[in-house]
Each structure stands twice: as structure tokens, then as C-alpha cells.
Amino acid sequence: MKRSWHLVLASALVAGAAVTPVVAVGSAVAADGDITSAVLANRDVVLTGDAVVRVPQGTHTYTGVISGEGALRVSGTGTLVLAKDSTFTLPHSRQHQRVQIPGGNHPYVVVGSPDEPAVTVDAGATLQYGTGGTTGLIGSFPYNTPGYQQNQDNIRVDGTLRLSLTRLFNLGVISGSGLVTQPRNMWGTLQICGTNPFSGIFDNGTGVNFASTTCVADLPNARSVVNRGSWIIDTPLNHTVVQRQNFYSHEYGNDVNVHSRPGSKVILTGVYSWSDSGDGAAPSLSDPGLNWRPVAHKLNKRGTNIEGADVQWGDGTTHRIFMPGTAQTVYINLHARRQRSRLTFDYNGPVTLGAPIGGGMYHDTLSAPGAGDIVIAGTSGNDVTFAAAQYYDGSTTIDRSATLHLGSGTAGGDGSLHTDGALDKVIDNGSLVLRNTRTPISLPAVTGAGSVTQSGAAATTVTSAAYTGATTVAKGSLIVSGTSLRTSDAVALTGPSAVLDLSKARDTTLRRLQVVKGAKILLSRNSPALTVGSTTARVSGTGLAIGGARFSVSRAGAHTVLTALTSTTAARPSSPATGPAPSPARTGRSATPLGASTATMADTGSNSGALWTVTGLAGVVLAGAAGFVVVRSRSRQRTAPRHSR
């Protein structure tokens with residue numbers, strides 16, 4: 001051969017590797033095997049087989065181009081920076097990857113039978129795509145995919161892949177166990193599509209798209225996402241995208257932004273936490289309580305913007321909430337784009353939302369009400385506490401077997417729902433528990449077959465009640481104003497400090513009533529009357545006997561006050577009652593009717609056709625034709641007769 005045409009480059013060998021001839025063709029080098037010398041000399045390389053670059057310690061910028069057919073392995077201890085795009089592919093004999101584009105007028109990309117990696121970054125080595133501009137990517141793009149270019153050159157990262165590009169780009173199918181990282185303020189966007197078996201960590205410095213309107217995505221094995229920018233999730237039409245990773249915040253104000261198309265859903269099963277230790281390759285939080293406490297410079301502030309999407313936190317297999325924190329450490333916004341947003345809580349145990357859900361922009365959560373609806377999914381054990389004043393204009397649905405607490409029951413943990421919006425309402429088919437300690441609240445309209453329990457020291461006002469489940473007042477005051485409890489299956493006052501205020505109710509009709517000693521019922525002073533079942537008692541004098549319950553009667557301001565002097569025994573029907581009954585797991589109480597605790601109670605109601613078993617000397621059922629009411633003007637005790645059915 002002529003040396004003027006074919007030049008043999010005898011390069012120094014790294015780690016005792018055998019000499020591999022590298023042949024220059026024109027200005028390019030045709031080679032396989034070890035191409036370290038050609039790359040370090042900034043020569044263009046045409047691959048004729050699999051090649052390796054053994055990067056010595058330090059940073060080395062390659063201004064050449066690698067083309068041809070073969071695979072590239074980057075090993076060593078240094079950093080190789082690619083300044084220009086390289087276009088090599090696997091040989092045709094090793095290509096079996098299929099890319100399909102179904103969907104008709106709403107096309108999306110499906111990648112099947114992926115090829116082996118065309119690029120491999122070994123542990124200890126760093127490969128950097130780009131120098132802060134638009135070039136420096138390894139890839140081939142033969143598929144004509146909509147919305148983005150699917151990369152044919154798949155990559156395995158066991159070391160570090162640094163993405164210093166300012167364009168939208170795809171890496172193909174990502175595998176390996178290393179680190180994929182993007183510098184902060186690098187305004188390029190990695191587009192992740194398809195199923196990627198990568199088991200390492202993504203460090204997002206500025207922007208990553210996970211799935212899109214034209215592709216689904218999955219990272220079933222990735223350890224976590226370090227988020228220092230915006231992680232953006234979207235879906236094609238009628239698809240569900242699941243993101244399983246924990247997110248770690250490393251910079252002030254980073255966020256997870258979620259979009260979805262009609263018929264689609266995004267499920268987030270991890271936790272979005274702050275990381276105060278470890279680098280991008282090993283994020284961690286020294287104390288989980290730091291998610292809930294402000295730190296210097298607001299470094300643990302993070303948020304999520306739900307942009308007209310259907311989003312679900314949890315998949316029913318965990319009870320670690322996605323956004324742990326308060327208004328000082330997290331923000332949550334619901335916006336209406338193509339559609340209103342929807343956020344579902346699906347956990348198998350208790351979780352607490354300590355921040356308001358609003359509709360402002362980024363940190364300014366409360367500048368506008370949220371435009372979306374909330375669902376507490378009917379997974380067994382799903383017990384969600386709102387420990388902050390919520391600010392979304394929409395419905396709150398509690399599915400059967402689920403519980404929503406307003407208020408944590410501890411100081412500083414009071415919660416509430418928005419009541420000023422046109423769409424505010426509660427659809428309660430599970431259990432709604434009200435337990436604020438200091439802040440009185442009002443509820444939006446409540447419907448459904450579920451139960452309502454007042455168990456906090458602060459009062460709750462109900463202004464529209466059409467639910468059919470049980471009503472329990474264990475502690476504090478439940479104020480019925482402008483509506484009534486006539487649709488509620490039964491009312492129970494289970495604690496001596498319980499107050500049922502009917503003084504401003506539309507009417508004072510109760511289907512059934514159970515009380516304990518010391519509990520109070522407030523009626524209007526002007527026309528005090530109480531109806532239980534089909535029996536109405538007009539209150540006068542200083543005492544009232546209703547069934548097995550005896551009340552003292554007093555007046556205070558505009559109120560007539562009935563104070564229970566005796567506890568009464570709960571009656572239980574011999575056949576199952578209709579409608580959902582709160583389970584012990586949801587109420588936190590033993591399986592006694594309506595949560596009766598240490599005292600015994602009598603049930604008074606209108607189920608005249610049912611057979612009742614009554615226990616205890618004071619146990620009486622009062623309703624229908626068998627009802628017996630005594631209005632007394634003297635304090636001498638009278639014993640009510642016993643009734644049976």
C-alpha cells in the first residue's frame with residue numbers, strides 16, 4: 001500500500017492493550033478497535049467495527065466526527081467532550097429495533113425490540129454531549145417520528161453522561177446504572193420516550209420531557225430523579241404514564257409540571273423530597289422533617305403545576321405522600337388548559353397534605369383559585385388529611401372505603417375547603433371527619449351516601465346537607481345553618497362536649513338520635529321544637545324526656561339548650577342497615593354503632609318495620625306511632641315506659 005494514501009498510526013497503548021491499526025482515508029480515519037489516539041488527535045473517524053476510546057484523566061474536547069458502522073465504548077478515568085454531532089450506527093446485521101407510529105390522526109411512537117447499545121459509557125468514565133450549544137450529540141434519526149426525533153443509537157450509561165446541549169434531543173433507549181446529568185441553566189431538553197431499563201439517576205439541571213403528546217415513557221428501574229429545573233410529564237391521547245421514582249430537590253423553586261390528553265392519566269408513586277446531602281449521584285435527606293420546615297434561602301421550596309391534567313398520587317400500594325411539606329416548603333397549582341385538572345389521592349394508609357392547593361403561577365399559589373377537582377380514591381385504608389386551608393374551586397369526592405380529614409387534630413394543622421366558588425361541593429361516599437383545633441370552618445354542599453363526623457374543638461358549619469350517611473358529633477360544635485339533617489341516616493352525639501346546633505337549621509328533623517350524658521342540642525329560642533322520626537316535641541319548661549334520654553332545658557341568648565342528663569343505649573337493627581357504614585379502620589373507633597364510646601346510647605328513629613334489640617335499662621327506641629315524649633315543667637324525675645317492636 002502507499003503510505004501517502006494509507007497511514008498506520010502506532011499509538012501508545014493504555015492498560016497494555018494490543019496495537020490496533022488506524023487507517024486514514026483522505027482526511028478521515030477508518031478504524032475499529034482502540035481509536036483513542038485518533039480521537040485525542042481530533043481526527044474524523046469512520047467506524048468499520050466496534051471501537052473504544054480510553055479517555056485519560058482530565059477533560060478532552062473532541063472536535064472531529066465519528067461516522068460509519070459499529071459501536072463505541074468510552075472508558076478510562078477522564079471526560080470526553082464531543083463538540084460536533086456524530087452519526088455512526090450499528091451494522092445493519094445487528095439492527096432489529098422496530099419503531100411504529102399508530103394513532104391515526106393522533107399519532108404516537110412505539111419502540112419495540114430495541115437494539116443493543118450503540119454507545120456505552122463505562123463506570124469511571126464521563127462522556128459529554130456538547131459544549132453548551134446545539135451540536136455534540138451521537139445519533140441517527142431514520143424514523144420520521146412526530147413531535148421529536150427518535151434516536152436509533154441507543155446508549156448504556158454505567159459512568160456519567162453529561163448533556164450540555166441547547167436543543168430538544170433524544171438518547172434512544174437508555175440502559176445502565178450510572179448518572180445522566182444536565183448542567184444548571186442549560187436550556188436544552190432531553191426527551192425520554194419508550195421503556196428505558198436504566199437503573200441509575202437522572203440529574204435534571206434545567207428541563208426534561210418525560211413522555212409527550214406523541215410518545216409514552218417508562219423508567220421501571222431508575223433509582224431517583226434529582227430535580228434542579230422543570231421535569232415535564234405529558235401523555236398521548238388515551239394513555240396512562242406512570243412515574244415511579246422519588247424526586248429530590250436540589251435548587252430553589254424547581255418543579256414537576258404535568259400535562260395529559262383526554263382519556264389519559266399520569267400516576268406518580270414516589271415522594272418529591274428535598275435533598276440536603278449527597279451530590280447528584282447520591283441524593284439524600286438527613287431528616288425527613290426538613291421537608292416540612294423552611295430552611296435558609298428557601299432551598300427546600302419545590303412545587304408541582306398540574307396543567308389541565310388527570311394526575312394521581314400513589315397507586316394504592318404505599319402511604320408516602322408525593323408532596324410532603326407546608327405552604328412554606330411546597331406549592332401545588334391546578335390549572336385548566338384543554339380541560340380542568342383532576343388530582344386523585346390513592347394511598348393504603350394515612351397521609352397528610354400540609355400545603356394549600358391553589359391556582360396561581362408557580363410560588364404565587366393563592367393568587368387565584370385552583371381550577372380542578374380532588375378525589376380520595378376508594379382504596380382500603382386510604383386516609384387523607386388536609387392540614388391547610390385549600391383554595392381550589394371544584395368538587396371534592398370521597399370514595400367508598402376512603403376517609404378525608406379536615407384538620408390534623410393538632411395545633412397548627414387546621415384545614416378547610418374552599419366555599420366561594422361556583423363548583424365547590426363535597427361528594428361524600430366514604431367518611432368526612434372534621435377535626436380543627438382552633439379555626440372554625442364552613443363546608444360547601446355535601447351530598448353522597450357517606451358519613452360526616454365532627455371531632456375537633458373548633459366548630460364546623462354545614463349550609464347544604466343532602467348526604468344520607470350517619471352524622472356523628474364527638475367533640476366541638478356542628479352547626480346546621482339554612483339546611484337540615486333530615487336526609488342523614490342517624491345522628492349521634494358521642495362525647496360529653498358534643499354540641500349539635502340546630503338553632504338556624506331549616507328544620508330540626510332527625511331520622512334517629514343517640515346521645516351521651518352532657519351532650520347538647522341547641523334549638524331556636526323563638527320556636528324550639530325537635531322531631532325524631534315521626535314524633536315532634538315542642539320544648540317548654542325546664543326538662544324534656546325523649547325515649548330513654550332525659551334533657552334539661554335552659555335558655556342562653558337566642559338559644560334553647562337541651563343538655564342530656566342521661567346516656568342512652570344504642571339500638572341495633574336485626575337486619576343490615578342500608579348505605580355505607582364507617583369501618584373501624586376509617587373511624588379509629590371500635591365497631592359500635594355510630595362510634596359509641598364509653599357511654600351507652602339509645603337509638604330513636606322511624607324504622608317502625610324493623611325488629612330491634614335494646615340493651616340496658618335505659619335503652620328505648622322512640623319513633624313512629626310508638627313514640628313517647630314527655631314535656632316537663634318540674635325537675636322531678638320521671639321514668640319513661642319501655643317500648644318494644
Side-chain angles (χ1 to χ4, degrees), residues 96-103 106-117 143 145-158 161 163 168-182 189-204 207-227 230-248 256-261 263-272 304 306 309-318 320 322 344 346:
H96 49 77
Q97 181 165 287
R98 298 191 308 273
V99 174
Q100 298 173 303
I101 308 174
H106 304 280
Y108 59 93
V109 178
V110 177
V111 179
S113 188
D115 292 339
E116 66 185 275
Y143 304 120
T145 50
Y148 77 105
Q149 291 183 315
Q150 178 69 35
N151 198 334
Q152 184 182 25
D153 289 345
N154 301 331
I155 188 167
R156 179 182 179 94
V157 181
D158 292 314
L161 175 65
L163 306 172
L168 177 68
F169 61 97
N170 174 259
L171 299 174
V173 176
I174 310 168
S175 58
S177 59
L179 172 66
V180 177
T181 181
Q182 179 193 49
T189 303
L190 167 63
Q191 177 67 65
I192 300 175
C193 290
T195 299
N196 296 264
F198 181 67
S199 61
I201 292 176
F202 283 96
D203 177 14
N204 171 37
V208 169
N209 289 348
F210 183 76
S212 74
T213 59
T214 57
C215 74
V216 295
D218 193 14
L219 290 170
N221 306 314
R223 293 201 300 279
S224 59
V225 173
V226 176
N227 195 23
S230 289
W231 187 273
I232 302 171
I233 307 172
D234 209 332
T235 69
L237 196 70
N238 298 317
H239 281 78
T240 295
V241 170
V242 181
Q243 178 103 53
R244 300 172 175 85
Q245 285 65 49
N246 289 333
F247 286 79
Y248 286 93
V256 175
N257 298 327
V258 189
H259 309 252
S260 72
R261 305 305 109 183
S264 298
K265 176 180 283 189
V266 173
I267 301 176
L268 302 169
T269 67
V271 176
Y272 192 2
T304 185
I306 300 176
D310 187 350
V311 179
Q312 179 176 302
W313 290 357
D315 61 355
T317 65
T318 180
R320 299 184 307 142
F322 179 68
T344 299
D346 188 6

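Computed over heavy atoms, backbone and side chain alike; hydrogens, waters and symmetry mates excluded.
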For this session: Work out which heavy atom in Val173 is nearest to a heavy atom in Thr195; give both atom names and the distance.
Result: CG1-O, 3.7 Å

Seminar exercise, completed: One should read off an interatomic distance between Thr181 OG1 and Leu163 CG, to the nearest 0.5 angstrom, of 7.5 Å

Exercise. Considering all heavy atoms of both residues, which atom of Pro146 and which atom of Thr214 are nearest to each other, and what is their separation?
Worked result: O-OG1, 2.9 Å

For this session: For the pair Gln149 (side chain) and Asn170 (backbone), establish whether a donor and an acceptor sit closer than 3.5 Å, ignoring hydrogens and angles.
Result: no

For this session: Side-chain contact test, heavy atoms from C-beta onward, threshold under 4.5 Å: evaluate it for Phe202 versus Leu190 and give yes or no.
Result: yes

For this session: Please work out which of the three classes, parallel, tilted or perpendicular, describes the rings of His239 and Tyr108, given edges at 30° and 60°.
Result: perpendicular

Seminar exercise, completed: Heavy-atom nearest pair, Ala309 first then Ser260, reads CA-OG, 3.3 Å

For this session: I would like to know whether Ile267 and Asp346 meet side-chain contact (heavy atoms from CB on, under 4.5 Å); could you show each step before the answer?
Result: CA-CA 10 Å; Ile267 301 176; Asp346 188 6; over 6 Å; no

Exercise. Roughly how far, to the nearest 0.5 Å, is CG of Asn196 from CD1 of Ile155?
Worked result: 11.5 Å

Seminar exercise, completed: Here the pair of heavy atoms bringing Cys193 nearest to Gln150 is CB-OE1, 4.0 Å

Exercise. Looking only at side chains, do Asn209 and Gln191 share a donor and an acceptor under 3.5 Å apart?
Worked result: yes

Exercise. How far apart are the closest heavy atoms of Gln245 and Val225, and which atoms are they?
Worked result: CB-CG2, 4.2 Å

For this session: Drop me the distance from Asn227's CG to Asn246's CG, to the nearest 0.5 angstrom.
Result: 12.5 Å

Exercise. Do the side chains of Val111 and Tyr143 get nearer than 4.5 Å, heavy atoms only?
Worked result: no

Exercise. Distance from Asp203 atom CG to Ser224 atom OG, nearest 0.5 Å?
Worked result: 9.5 Å

Exercise. Could you state the interatomic distance from OG1 (Thr344) to CG (Leu268), rounded to the nearest 0.5 Å?
Worked result: 11.5 Å

Problem set entry | side chain to side chain contact (heavy atoms under 4.5 Å, CB included) against Asp115, all qualifying residues, sequence neighbours excluded | Leu90, Gln95, His96, Gln97, Asn154

Problem set entry | Side-chain touch Pro236/Val216, heavy atoms, less than 4.5 angstrom | yes

Problem set entry | Closest approach of Val266 to His259 (non-hydrogen atoms, all atoms of both residues) | CG2-O, 3.8 Å

For this session: Hey, can you tell me if Phe247 and Trp231 have their rings parallel, tilted or perpendicular (30° and 60° cut-offs)?
Result: perpendicular

Seminar exercise, completed: From the list Ile233, Val311, Asn257, side-chain contact (heavy atoms from CB on, under 4.5 Å) with Ile306 holds only for Val311

For this session: Look only at the side chain of Asn204 and the backbone of Ser230, and say whether a donor-acceptor pair between them is shorter than 3.5 Å.
Result: yes

Seminar exercise, completed: Per side-chain hydrogen bond (donor to acceptor under 3.5 Å, both in side chains), Arg261 is matched among Asn238, Asp310, Thr235, Asp234 by Asp234

For this session: Applying side-chain contact (heavy atoms from CB on, under 4.5 Å), run through Thr304 and Trp313 and close with a yes or a no.
Result: CA-CA 12 Å; Thr304 185; Trp313 290 357; 4.1 Å; yes

Exercise. What is the distance from atom CD1 of Ile192 to atom CZ of Phe198, rounded to the nearest 0.5 Å?
Worked result: 9.0 Å

For this session: Could you check Asp315, Asp218, Thr269, Asn221 and say which one makes a side-chain hydrogen bond (donor to acceptor under 3.5 Å, both in side chains) with Arg244?
Result: Asp218

